[in-house]
Undergrad: 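I am attaching a structure below and will ask some questions about it afterwards.
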Amino acid sequence: MKKIIGWTIVVCITLLIAGLGTYVLIEMNNTKATQQEKLNGGNDEKIGGVQNTTHLKKGDDEEKVVSVMHKMTHQKVAADEKWGAVPMTTSTIKEVISIVEKEDYKEKKPLLDILQKWQAGNFTEIDQDHNYLWTLQDGTEGKAYGIMSPVQERQFVHQNFNETVAKELGYL
């Protein structure tokens with residue numbers, strides 16, 4: 001009798017673990033599918049906190065510069081949550097480089113590495129750049145999971161920035 005009870009408990013625990021494992025795998029798969037749908041679809045929402053310029057000036061602290069750089073990435077990354085955007089233009093990149101070069105920030109080297117990559121037109125790791133900046137800001141929501149397509153970026157620019165920015169980016 002004790003053996004039957006013992007085996008019943010073992011079987012129940014095994015089934016419970018298998019069920020939980022299956023549930024976790026299904027949820028992970030659903031999350032990936034949802035993210036892929038978002039990458040394939042458009043981004044037709046206007047986000048809050050948009051600035052058409054950086055509003056940076058010499059002497060601004062590192063936190064403000066990181067915030068602006070983070071908002072710049074929103075033009076190019078896929079994420080469930082985005083708050084704020086600053087245009088990723090040649091002029092804004094140059095402006096932020098000028099400020100970072102003149103200051104003694106704790107993260108100066110990595111920030112300059114990212115900015116110089118952007119200045120060269122290399123956005124192949126923009127989602128990783130976003131997540132690095134997001135981590136510096138102790139981000140908990142809105143981690144980037146991919147890079148928007150050119151069509152999605154164009155749509156984002158038209159919905160969130162002014163005409164001057166759209167022209168500078170070649171979207172008008």
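All residue numbers in this chain count up from 1 along the given sequence. These numbers were taken from a predicted model, which means no experiment stands behind them. Hydrogens, waters and symmetry mates are skipped; everything else that's a heavy atom, side chains included, is used.
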Undergrad: Please identify each residue that fulfils side-chain hydrogen bond (donor to acceptor under 3.5 Å, both in side chains) with Gln128, with sequence neighbours left out.
TA: none
Undergrad: For residues 133-144, pull every pair meeting side-chain hydrogen bond (donor to acceptor under 3.5 Å, both in side chains), keeping only residues two or more places apart or in separate chains.
TA: His70-Gln137
Undergrad: Run the side-chain hydrogen bond (donor to acceptor under 3.5 Å, both in side chains) test against Thr53 and tell me which residues pass, sequence neighbours left out.
TA: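 Here the qualifying residues are His55.
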Undergrad: For Glu101, does its backbone N or O pair with a side-chain atom of Lys108 as donor and acceptor, under 3.5 Å?
TA: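 Yes.
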Undergrad: Between the main-chain N or O of Val86 and the side-chain N or O of Lys71, is there a donor-acceptor pair closer than 3.5 Å?
TA: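 A pair under 3.5 Å: no.
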Undergrad: Would you please name every residue forming a salt bridge (charged side-chain N to carboxylate O under 4.0 Å, His left out) with Lys57, sequence neighbours left out?
TA: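 With neighbours one apart ignored, the set is Asp60.
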Undergrad: I need the full list of side-chain hydrogen bond (donor to acceptor under 3.5 Å, both in side chains) pairs touching residues 110-119, with sequence neighbours left out, sorted by first then second residue.
TA: Lys109-Asp113, Lys117-Glu125, Lys117-Asp129, Trp118-Asp129
Undergrad: Strictly by salt bridge (charged side-chain N to carboxylate O under 4.0 Å, His left out), give each pair with a member in residues 7-16 just once, sequence neighbours left out.
TA: none
Undergrad: For Lys106, which residues count as a side chain to side chain contact (heavy atoms under 4.5 Å, CB included) partner, sequence neighbours excluded?
TA: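 Lys106 satisfies side chain to side chain contact (heavy atoms under 4.5 Å, CB included) with Glu62 only.
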Undergrad: Just jot down the side chain to side chain contact (heavy atoms under 4.5 Å, CB included) partners of Ile17, sequence neighbours excluded, or say none.
TA: Ile13
Undergrad: Checking Thr73 now: which residues fulfil side-chain hydrogen bond (donor to acceptor under 3.5 Å, both in side chains) with it, not counting sequence neighbours?
TA: none
Undergrad: Report the relative orientation of the aromatic rings in Phe156 and Phe161; use parallel for angles under 30°, tilted for 30 to 60°, perpendicular for over 60°.
TA: perpendicular
Undergrad: Restricting to side-chain hydrogen bond (donor to acceptor under 3.5 Å, both in side chains), what partner residues turn up for Lys94, sequence neighbours left out?
TA: none
Undergrad: List for me each residue that meets side chain to side chain contact (heavy atoms under 4.5 Å, CB included) alongside Thr14, sequence neighbours excluded, and say none if there are none.
TA: Val10
